[in-house]
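Heads up: the structure comes next, in structure tokens.
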Amino acid sequence: MEPATAVATSVAAQTPRRISILGATGSIGCSTLDLIGRDPQRYDVVALTALNNADQLARQAIEHDADLAVLGDPDGYQDLKAALSGTNVEAAAGPDALVEAAERPADWTMAAIMGCAGLRPTLKAVEQGRCLALANKECLVSAGDLFMKAVSRSGTQLLPVDSEHSAAFQAIDPGISDTIEKISLTASGGPFRTWTHEQMKTATPQDALKHPTWSMGKKLTIDSATLMNKGLELIEAFHLFPVEAGQLDVVIHPQSIVHCLVEYADGSVLAQMSSPDMRTPIAYSLAWPERMWAPTERLDLAKIGSLEFESPDKERFPALSLTQDAMQADNGTTTVLNAANEIAVEAFLEGKIGFPAITALVMDTIDAAMRDGISKPDTLDDVFLLDEVSRGLAQSLLSDKS
Ligand code: NAD
Ligand code: MG
């Protein structure tokens with residue numbers, strides 16, 4: 001039950017906050033709308049976007065009384081327009097329309113498009129200089145330096161939504177961040193935590209999509225099975241927090257209760273805990289700097305009994321070392337890695353390659369890109385070019401394999 005006091009915060013007394021959600025039909029988008037829909041008078045929904053699910057997007061836009069609904073895929077325009085006919089919701093479609101949606105004035109934008117495709121609209125939202133709740137980690141993996149420069153240029157308040165980064169954000173006092181010794185991101189270990197290398201060779205997409213603790217979109221669930229997700233998160237943390245690459249590490253924690261540990265110079269370790277439900281970090285970003293009630297299962301540590309921790313097995317999960325090397329190289333390799341990983345995960349989901357071949361394809365693409373010569377992207381256009389070239393390399397390596 002929602003406590004009465006939760007509604008009566010000072011935020012409720014203010015005029016409604018203008019909210020946009022980039023990637024509204026996905027796992028993070030739906031969880032965000034779930035929170036907003038519980039207290040609709042507090043929010044004024046400006047724009048909702050998706051790739052191609054016109055019916056779902058139209059339903060969400062009508063239910064939450066959005067001003068604008070946008071599909072990334074231009075072919076969906078007629079369906080979206082038909083589904084919204086007779087309502088006040090404006091319909092638009094195509095990549096430019098996505099960018100225009102992100103430009104519509106909003107006080108708080110959730111960036112939850114999947115993959116590097118989210119980079120351009122998310123950066124437009126950054127340019128508004130208000131609050132950006134960042135779920136889309138691929139933005140930081142592909143273009144971390146440029147992204148963070150845009151954030152500081154615009155004065156945007158960046159609020160990490162990835163559970164580990166939300167946890168670190170909560171545990172870090174910016175005034176004493178120079179005394180941080182280490183940030184440890186926890187990882188559930190995914191569905192193959194206890195599988196042998198031989199067993200993993202036989203893993204199907206159905207096996208990999210059975211995540212033990214979190215409910216997420218498909219791409220992220222596969223990334224969690226390879227541990228590539230944790231590698232991407234190390235890169236994300238490197239850009240978000242004032243630490244060197246060597247101060248970041250990963251600890252396996254199968255219960256997904258402790259999300260991150262921040263260790264200070266005096267030996268104190270501050271951690272954040274919650275049941276594994278993304279509505280907690282989303283609510284944190286939505287209410288920041290206050291707190292709001294969220295409809296999540298409360299932690300009962302006595303019932304849980306024990307919390308386990310172990311070191312990751314970097315041999316069975318080579319994605320971790322691969323991402324750490326790419327992060328240390330600081331030469332554009334992370335852009336290549338992200339692009340190749342997006343292609344590899346799609347190929348695995350389509351049954352074109354086996355599970356271990358996901359990380360192998362990413363490695364091979366990085367090797368091929370290095371042979372051709374890569375350099376750190378200086379501009380956004382450089383990022384998009386390197387992303388495109390890397391996708392091409394990964395696709396051609398994929399056709400060689402099949
Ligand atoms: P999802 O696949 O469930 O949803 C993705 C959303 O983006 C959908 O609305 C989809 O229509 C839209 N989209 C996909 N491709 C697009 C394109 N090319 N152009 C425009 N829109 C596009 O994904 P998700 O699990 O909600 O994850 C979204 C982002 O949040 C990812 O970057 C993921 O890594 C990050 N994240 C997710 C979780 C989680 O629990 N789901 C946790 C932490 C971080
Ligand atoms: Mg995470």
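Start at 1 and go down the list; that is how both ligands and their atoms are numbered.
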Give a yes or no on this: more than 12 heavy atoms of other residues, nucleotides or ligands lie within 6.0 Å of atom CG of Asn88. no
So do the side chains of Trp108 and Thr32 get within less than 4.5 Å of each other, counting heavy atoms only? yes
4.5 Å side-chain heavy-atom contact, Asp162 and Glu236: yes
Using modelled atom types and a 3.5 Å cut-off, is there a donor and acceptor pairing between side-chain atoms of Arg17 and backbone atoms of Leu286? yes
Salt bridge check, Lys201 against Glu198: does any charged N sit closer than 4.0 Å to a carboxylate O? yes
So that I can tick it off, tell me whether Arg391 and Glu346 are bridged by a salt bridge, with the cut-off set at under 4.0 angstrom between side-chain N and carboxylate O. no
What are the distances between nitrogen or oxygen atoms of ligand 1 and protein nitrogen or oxygen atoms, counting only those under 3.5 Å?
residue	atom	partner	partner atom	Å
ligand 1	3 (O)	Ser27	N	2.9
ligand 1	7 (O)	Met114	N	3.3
ligand 1	9 (O)	Gly23	O	3.4
ligand 1	9 (O)	Thr25	N	3.3
ligand 1	9 (O)	Thr25	OG1	2.7
ligand 1	9 (O)	Gly26	N	3.1
ligand 1	11 (O)	Thr25	OG1	3.3
ligand 1	11 (O)	Leu51	N	2.8
ligand 1	25 (O)	Gly217	N	2.9
ligand 1	26 (O)	Ser27	N	3.1
ligand 1	26 (O)	Ile28	N	2.9
ligand 1	30 (O)	Ala135	O	3.4
ligand 1	32 (O)	Glu138	OE1	2.6
ligand 1	41 (N)	Ser27	OG	3.2

What is the name of the N/O/S atom of Asp162 that is nearest to the Mg ion (ligand 2)? OD1
Identify the residue among Phe317, Trp195, Phe348 that makes a ring-ring contact (aromatic ring centres under 6.0 Å, His included) with Phe355. Phe348
Where the Mg ion (ligand 2) is the centre, what is the OE1-to-OE2 angle for Glu164 and Glu233, rounded to 10°? 100°
